[in-house]
Structure formats: C-alpha cells, structure tokens
J.: 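Mind having a look at this structure? Questions to follow.
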Amino acid sequence: MPLDGITCQLLANDLNEKLSGSRIDKIFMPDRHSVILHIRTQQGVRKLLICADPSLPRIMLAEEAKENPALPPSFCMLLRKYLAGSRIASVTDPGYERVIEINCTNTDELRDVKDYRLIVELMGRFSNIILVNGSGKILDSSVHVDFDVSRLREVMPARVYSYPPAQNKITVEDALKMVRSGELPVIDEERSRPVGKALINSIKGLSPILSRQLCLQSDVDERQTIQLLNEEEKTRLKSRLESFFNEVIEGTYRPRVYFDECGEPAEYAPMELSGYSSSKETDSISDAISIYYAARESEMDLDSGKHRLRQIIDSALSKVIKKKEVHEADSAEGAKADKYKHCGDVILTYKYLIKPQATVLNTEDYTTDPPSVISIELDPSLDASGNAQEYYRRFRKAKRKAEMSEEYIKEDDLAIEYLRSVKTAIEAATTQEDLDAINEEIKAEVNGSHAARSADKSHNAGDPNKMVGIAKSGKASSRALREAAKRANAKKNNKQGKNTEKALPFRRYKSADGHEIICGRSNIQNEKLTFTVASRKTDWWFHVKGLPGTHVILRPFDNEDMPSDSSILEAASLAAFFSKSIILEEHNAAEGSRAGKLKAEVDYCPVSHVKKIPGAKPGMVIYENYYSVLVDSEEPKERLS
C-alpha cells in the first residue's frame with residue numbers, strides 16, 4: 001500500500017533503531033528520483049534506498065545494488081559533499097506525516113561540527129528529497145518547486161524549509177485519549193459523514209486501507225454514518241481502535257506481508273488485514289516493506305524500461321509522421337508542375353500583350369476545347385520573358401519535389417511500419433531480456449544507418465541530384481531513431497564491450513500436445529528466427545494479418561507433414577498475444593468496436609513461403625500461399641524459456 005502517516009511514523013522509529021549512530025559511507029543516485037546511502041553499521045554495510053518517484057515513493061533497506069550513471073547528477077555530488085562521512089544522529093518523523101528526516105552531523109574544512117537534515121517527503125506526485133542545513137535553509141532538492149508550481153510553499157535552494165501545510169486532524173495519542181474517555185475519535189465537522197471517511201479525515205496518518213480494515217474487524221459497516229451506529233457497534237469499534245492505537249504508540253504492532261493467489265506480495269501493513277490468501281509476519285515494518293518492494297523491483301524496472309523505450313519510439317514516430325506530412329505537402333505542390341509550365345508557355349505566346357509593370361495577364365487559352373479565359377499573375381518588376389522563366393523555374397522545382405516526395409513518402413511509410421513493429425515488441429515485453437533485445441535492435445539500427453550514410457556519401461559524392469536530402473539526413477527511420485537511440489544505449493555501452501555481448505535467447509513454448517513453439521523478441525530476432533533458425537523444409541511460420549508483430553515458428557514432429565490443429569491454434573494465439581497492443585489500437589480505432597475478448601486473424605504458412613523484402617528493415621517480409629485463422633490472443637501455459 002502507499003506509505004501513510006502512521007506507517008511512516010513506525011518506519012522512522014524502526015530505522016532510527018537500526019541506523020542511529022551509524023556512518024554514511026557512500027552516496028549514489030542511480031536515477032533522478034532515487035538516492036542510495038551505503039551506511040556502515042555495527043552489523044555491516046546496509047543500503048538505504050530513498051525513492052521519490054511520484055508513482056511509487058518509498059524508503060527501505062535494500063539488498064540489491066542498482067546500476068549507477070557514469071557521471072553523477074549534481075544533486076548527488078552535493079549530497080556527497082555534505083553527507084559523505086557523516087554520522088546519523090537520528091531518524092525521525094515530525095508526527096504521523098509522510099515525511100521522514102535523517103538527522104546527520106559532520107565536520108567541515110575547519111573541523112567545526114555541522115548539522116544537516118536529509119528530509120524525504122513521500123507524498124505521491126509531490127514527493128521530494130531535500131537537504132537542509134543546521135539553520136533550516138535548503139541547500140538543494142531533487143525537485144525544485146517555485147511559486148509558479150505551488151503557491152503554498154517554495155522548495156528552492158537558499159529558502160527556509162517549512163513542512164507541508166498541516167491538516168486539522170488529531171494525533172494517534174489524542175485519539176487514544178478520546179477512546180479511553182468513551183468517545184469516538186472523530187472531529188465535529190466529520191460526524192455527519194460515513195464512519196470510514198470520518199476516521200480518515202479525523203485521525204492523522206490513517207489511510208483508507210487501515211480505516212476499512214478497522215471497521216471490518218469491528219463488524220461495522222464503514223458506509224454508515226456515526227449517528228446510525230448503535231451502542232454495541234460503537235463499543236466494538238472503540239475497542240478495536242484502542243488496541244490498534246496502543247500497538248502503534250507502544251511499538252507492539254505485528255507487521256505482515258500479504259500474498260495473492262499466485263504467491264506474489266500484494267500488500268503490507270502494521271496490522272492484520274482480511275481478504276488475502278496468505279501472509280507472513282516480519283520482525284519490523286522496514287522488513288515488510290523491503291520484502292514487498294524487493295518482489296516488485298523487477299516489475300517496476302520492467303515498467304520503467306518499457307516507459308523509457310516507449311517515449312523514444314513515440315518521439316521517433318511523431319517525427320516520421322511530421323516528415324511524411326511535409327513530403328505529402330511537397331507532393332501536392334509537385335502536382336502543380338504542369339500548371340506552372342503551361343503558364344510559362346502562355347506568357348511566351350502572348351508576351352506582346354504584356355505591358356511594362358503589368359501584374360496580370362488575361363487572355364484566351366486555346367489549349368482547351370472550347371477556349372477559355374485564363375488569368376496569370378505577373379511580377380511587375382520582370383518583363384514577359386522574365387516572368388516566363390520564373391514560371392519555368394517553379395515548374396522545375398515542383399517536378400523535382402514530385403519525384404523526390406514520392407520516394408520519401410515510400411520511405412516514411414516503411415519507417416512508420418517499422419517503428420510500429422518496435423512499439424509492438426515493447427508492449428509485448430514481459431522480461432528484462434525482451435527489453436535488452438529491443439535495445440540491441442535500436443543500437444544495431446543506429447550503427448547500421450551511420451555506416452549506410454557514410455557509404456551513400458562516398459558513392460554519390462559530386463552528384464548533386466543524388467545527394468539532395470540524403471546527404472543531410474539518411475533514411476527516414478534512421479533519422480527518427482538516431483539521436484534517441486544513442487541516449488537509450490549510452491549506459492549499456494559504458495559497461496559492456498562490443499565483443500562481450502551474448503545473443504539473447506528466443507521465447508520458447510510447448511503446446512499441449514508437445515510441439516515446440518519459438519517466438520522472436522525483436523525485429524532482429526524475428527529475422528534471425530525465420531531465415532536462420534527455422535527449417536525451411538518442415539517448420540511453419542505464423543504472423544498476425546496485416547499488422548506489425550512477432551514472428552512465431554511451430555516445429556512439427558519428425559515425419560509429420562503438418563502439425564495438429566490444436567498446436568496451430570496455440571501458435572496462432574501466441575502470435576496474436578505478442579501483437580495485442582497493435583491489435584487493440586486497431587480495434588479501438590474501428591467503428592462499432594466493442595469490449596470483449598481480443599480476437600485477431602493470423603496468417604500461417606510453411607517457412608519456405610516467406611521471403612525477405614530486399615533493402616527493407618529487419619523483420620519485414622512478404623509471404624504467399626498461406627492459410628488464415630481467427631483466434632483469441634492467449635499465451636500458452638507451458639513456457640520453456
């Protein structure tokens with residue numbers, strides 16, 4: 001669950017117990033939202049992960065190390081300057097707020113003792129990591145907030161730090177006093193609201209999940225107002241609230257991690273929750289948080305990697321679409337070429353009618369049947385011959401535009417199709433290996449386009465007609481991906497050499513009757529799978545009809561001409577499953593589309609009927625003599641790798 005005020009208070013108490021008196025050894029910042037402190041304790045080095053990601057802010061003791069950038073961010077360098085080598089005096093919470101303060105002491109160049117506070121605000125999209133000096137002034141923060149962003153408070157260097165605006169709520173200690181005196185801990189303004197909502201709006205740090213569970217365990221309907229509760233219900237609720245408040249204040253709570261039916265961590269809480277298949281009690285709330293997020297770490301990294309690649313491809317796709325619009329406009333301009341030539345011919349034919357400084361020529365056009373009146377605009381600064389030459393110049397330019405725009409539009413269409421296929425692969429990615437394969441494809445595309453551009457320049461050097469447009473930009477899809485892909489792979493290139501990279505495996509499945517099904521992870525793998533790995537004599541090839549998608553190979557048994565119908569359906573479902581994002585896009589765009597199971601038409605044929613398009617991007621093929629089948633997009637249950 002998101003960290004609430006009560007959980008933050010308990011977490012601060014737990015971290016204070018574990019880290020108080022320890023020394024901060026190293027500081028890293030793997031991304032702009034995360035800071036990792038290597039803290040030297042009596043039990044060894046512990047890693048404290050502080051994450052202010054708006055989607056999932058958290059602070060926890062982590063085990064696994066994250067990959068760090070070659071050049072640390074400026075905020076990381078500032079933290080190292082003031083906090084490296086410092087000693088943690090305490091870890092506190094200002095009072096059931098979603099704010100945790102790490103209070104440190106360090107010495108400056110003159111050996112004077114200085115106090116610093118690393119303040120972690122865990123408040124959703126307002127999350128932040130702020131370094132404050134002993135006088136309360138902000139040294140810097142991971143996110144700068146000025147009055148243009150927030151009128152309530154500024155979070156900027158050299159400003160005095162102030163806590164987020166306080167809410168008119170009672171603390172857990174005051175709530176316990178009210179319960180012991182026989183009152184429900186609800187402020188007067190909330191007594192007309194439902195019980196669950198009234199408790200949330202009255203007690204500081206109480207989350208909707210905890211409020212709902214407290215009502216459920218008291219056998220009280222959270223939707224009822226307080227006035228409608230009978231005395232027995234009030235007594236049960238007060239009793240449960242008192243025991244919970246006592247556990248929080250005295251630290252006798254029992255933190256747990258809760259699991260779903262698949263055995264994956266689904267929730268954590270400082271109290272017992274109902275509605276989960278199983279749970280595990282932990283020694284502390286920080287351990288519960290660590291277990292919960294450790295299991296979700298790979299999922300979060302996958303989502304983050306997909307989001308980053310999706311942004312790159314969306315940006316590239318947007319650029320290609322804009323270029324296609326420009327080329328289409330050039331094509332429309334090129335359609336006027338004959339008109340410009342005709343105007344030039346008419347001007348030369350009737351130049352004796354054109355007076356000096358004339359702005360228009362009105363005459364009969366005898367090239368039409370019957371003859372019609374034609375009006376041609378003229379440049380008054382030019383004579384008749386000059387105006388004719390100007391129209392001939394426009395004719396040559398429009399003709400060249402028409403010829404080149406036709407070629408460019410074909411390139412743009414191929415680029416759009418290619419980028420959509422990459423985007424489909426990103427959406428279908430389920431593991432980090434899938435994302436690595438897509439990264440490799442983008443890297444290969446950038447390197448390949450650079451080599452092709454260099455070859456084109458040397459081959460066409462001196463020929464201005466062949467160098468037009470190509471010398472500056474290269475191919476359409478390469479132009480769109482080049483700069484973005486360099487950023488996407490810069491981190492990986494710093495860590496791995498070219499000769500140490502290993503080929504990523506294909507996705508492998510087994511059908512219900514034992515046939516092997518192989519799928520590519522990227523366009524490069526699709527091409528390798530179809531034309532290198534697959535047997536052109538026996539294997540069968542599957543692909544979603546008319547849309548970008550994954551190549552799927554179905555391998556029949558020995559001496560089997562054609563696989564079973566069930567295996568064909570499973571392989572076709574798999575091809576649809578890894579193309580479901582693009583199928584959904586087309587489905588939503590279609591008129592009269594309805595929600596339901598996602599169905600797709602999949603083509604399949606022997607691998608020998610599939611051919612690569614000469615000069616096309618990886619994975620782009622043509623095929624013939626194929627069959628089609630309509631299937632649901634489903635993944636087989638048994639996956640080999």
Side-chain angles (χ1 to χ4, degrees), residues 316-418 449-450 452-480 482 613-617:
L317 194 56
S318 174
K319 290 178 182 178
V320 174
I321 291 172
K322 286 180 181 178
K323 286 175 182 176
K324 184 182 178 182
E325 291 172 355
V326 171
H327 295 150
E328 286 175 341
D330 288 345
S331 179
E333 179 70 18
K336 301 177 182 178
D338 292 338
K339 178 184 175 183
Y340 292 144
K341 185 178 183 299
H342 181 60
C343 289
D345 293 341
V346 172
I347 291 172
L348 289 179
T349 302
Y350 296 102
K351 67 179 180 179
Y352 61 88
L353 297 177
I354 300 174
K355 297 178 180 180
Q357 297 184 346
T359 59
V360 66
L361 170 63
N362 294 311
T363 185
E364 288 189 343
D365 183 6
Y366 288 99
T367 62
T368 61
D369 187 19
S372 60
V373 176
I374 185 172
S375 180
I376 302 174
E377 293 183 1
L378 301 175
D379 185 346
S381 65
L382 299 175
D383 59 8
S385 297
N387 274 289
Q389 292 304 317
E390 174 63 21
Y391 274 101
Y392 287 142
R393 185 190 68 79
R394 293 183 191 178
F395 159 69
R396 290 190 297 271
K397 184 176 180 181
K399 185 179 179 182
R400 189 166 65 249
K401 276 187 176 181
E403 292 171 353
M404 297 193 66
S405 61
E406 185 178 349
E407 179 184 345
Y408 284 151
I409 288 172
K410 288 180 181 178
E411 280 190 15
D412 293 336
D413 287 336
L414 287 174
I416 290 171
E417 185 180 351
Y418 172 70
S449 65
H450 178 75
R453 255 192 337 276
S454 301
D456 284 343
K457 286 182 180 180
S458 60
H459 179 71
N460 296 322
D463 187 342
N465 293 324
K466 291 185 179 179
M467 290 294 285
V468 174
I470 296 177
K472 293 181 180 178
S473 304
K475 290 192 175 182
S477 59
S478 303
R479 292 197 300 268
R482 192 157 56 246
I613 302 174
K617 293 292 179 186

J.: So how far is it from T349 OG1 to H342 NE2, rounded to the nearest 0.5 Å?
T.: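 T349 OG1 to H342 NE2: 8.5 Å, rounded to 0.5 Å.
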
J.: Going by distance alone, is a donor N or O of one side chain under 3.5 Å from an acceptor N or O of the other, for N362 and S375?
T.: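 A donor-acceptor contact under 3.5 Å links the two side chains.
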
J.: Does any non-hydrogen side-chain atom of M404 lie less than 4.5 Å from one of D330?
T.: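 Side chain of D330 against side chain of M404, heavy atoms only: no contact under 4.5 Å found.
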
J.: Evaluate the side-chain proximity of V320 to Y418: yes if any heavy-atom separation is below 4.5 Å, no if none is.
T.: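 A side-chain contact under 4.5 Å is absent here.
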
J.: Check salt bridge (charged side-chain N to carboxylate O under 4.0 Å, His left out) between D379 and all other residues, then give those that pass, not counting sequence neighbours.
T.: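 Applying salt bridge (charged side-chain N to carboxylate O under 4.0 Å, His left out) to D379 gives none.
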
J.: Check the pair I374, E364 against side-chain contact (heavy atoms from CB on, under 4.5 Å), reporting the backbone distance first and the verdict last.
T.: CA-CA 6 Å; I374 185 172; E364 288 189 343; over 6 Å; no

J.: Could you state the interatomic distance from NZ (K319) to NZ (K322), rounded to the nearest 0.5 Å?
T.: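 The distance works out to 9.0 Å.
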
J.: Kindly indicate whether the side chain of V360, heavy atoms from C-beta on, has any atom under 4.5 Å from the side chain of I376.
T.: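 Result no, sub-4.5 Å side-chain heavy-atom pair not found.
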
J.: In the structure I gave you, are the side-chain heavy atoms of E377 and L361 within less than 4.5 Å of one another anywhere?
T.: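 With C-beta onward as the side chain, the pair stays apart.
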
J.: On a heavy-atom basis, which atom in A384 and which in I347 lie closest, and how many Å separate them?
T.: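 In this case the closest contact between A384 and I347 is O-CG2, 3.3 Å.
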
J.: Which atom pair, heavy atoms only, marks the closest approach of E333 to Y340?
T.: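 Reported closest heavy-atom pair: OE2-OH, 3.0 Å.
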
J.: I'd like to check V373 versus T363 (side-chain heavy atoms, cut-off strictly below 4.5 Å). Are they in contact?
T.: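 Counting from C-beta outward, V373 and T363 never come under 4.5 Å.
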
J.: To the nearest 0.5 angstrom, please state how far the OG atom of S405 sits from the CG atom of D412.
T.: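 Going from the OG atom of S405 to the CG atom of D412 covers 10.0 Å.
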
J.: With R393, which residues qualify under salt bridge (charged side-chain N to carboxylate O under 4.0 Å, His left out), at least two apart?
T.: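 R393 satisfies salt bridge (charged side-chain N to carboxylate O under 4.0 Å, His left out) with E390 once adjacent residues are dropped.
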
J.: Please check if the number of heavy atoms outside E328 that lie under 6.0 Å from its CD is greater than 12.
T.: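 Enclosed: over 12 neighbouring heavy atoms sit under 6.0 Å from CD of E328.
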
J.: Checking Q389 against L382 for the side-chain contact (heavy atoms from CB on, under 4.5 Å) test, could you report, in this order, the C-alpha distance in whole Å, the side-chain angles of both residues, the deciding distance, and whether it holds?
T.: CA-CA 10 Å; Q389 292 304 317; L382 299 175; over 6 Å; no

J.: Can you name the closest pair of heavy atoms from A388 and G344 and give their distance?
T.: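 Taking A388 first and G344 second, the nearest heavy atoms are CB-O, 3.8 Å.
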
J.: Once salt bridge (Lys or Arg N to Asp or Glu O under 4.0 Å) is applied, what residue pairs with a partner in residues 338-352 remain, sequence neighbours excluded?
T.: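 Matches after skipping sequence neighbours: K341-D345.
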
J.: Looking only at non-hydrogen atoms, find the nearest pair between A337 and F395 and report the distance.
T.: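 Heavy atoms of A337 and F395 come nearest at O-CD1, 3.1 Å.
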
J.: Quick one: NZ on K401 to NZ on K336, what's the gap to the nearest 0.5 Å?
T.: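 Output value for this atom pair is 9.5 Å.
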
J.: Within a strict 4.5 Å, meaning less than it, do heavy atoms of the S331 and H327 side chains meet?
T.: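 The answer is no, as the side chains (C-beta and beyond) never meet within the 4.5 Å cut-off.
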
J.: For the atom pair CD1 (I354) and CG (N387), what is the distance rounded to the nearest 0.5 Å?
T.: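 Reported to 0.5 Å precision, the distance equals 6.5 Å.
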
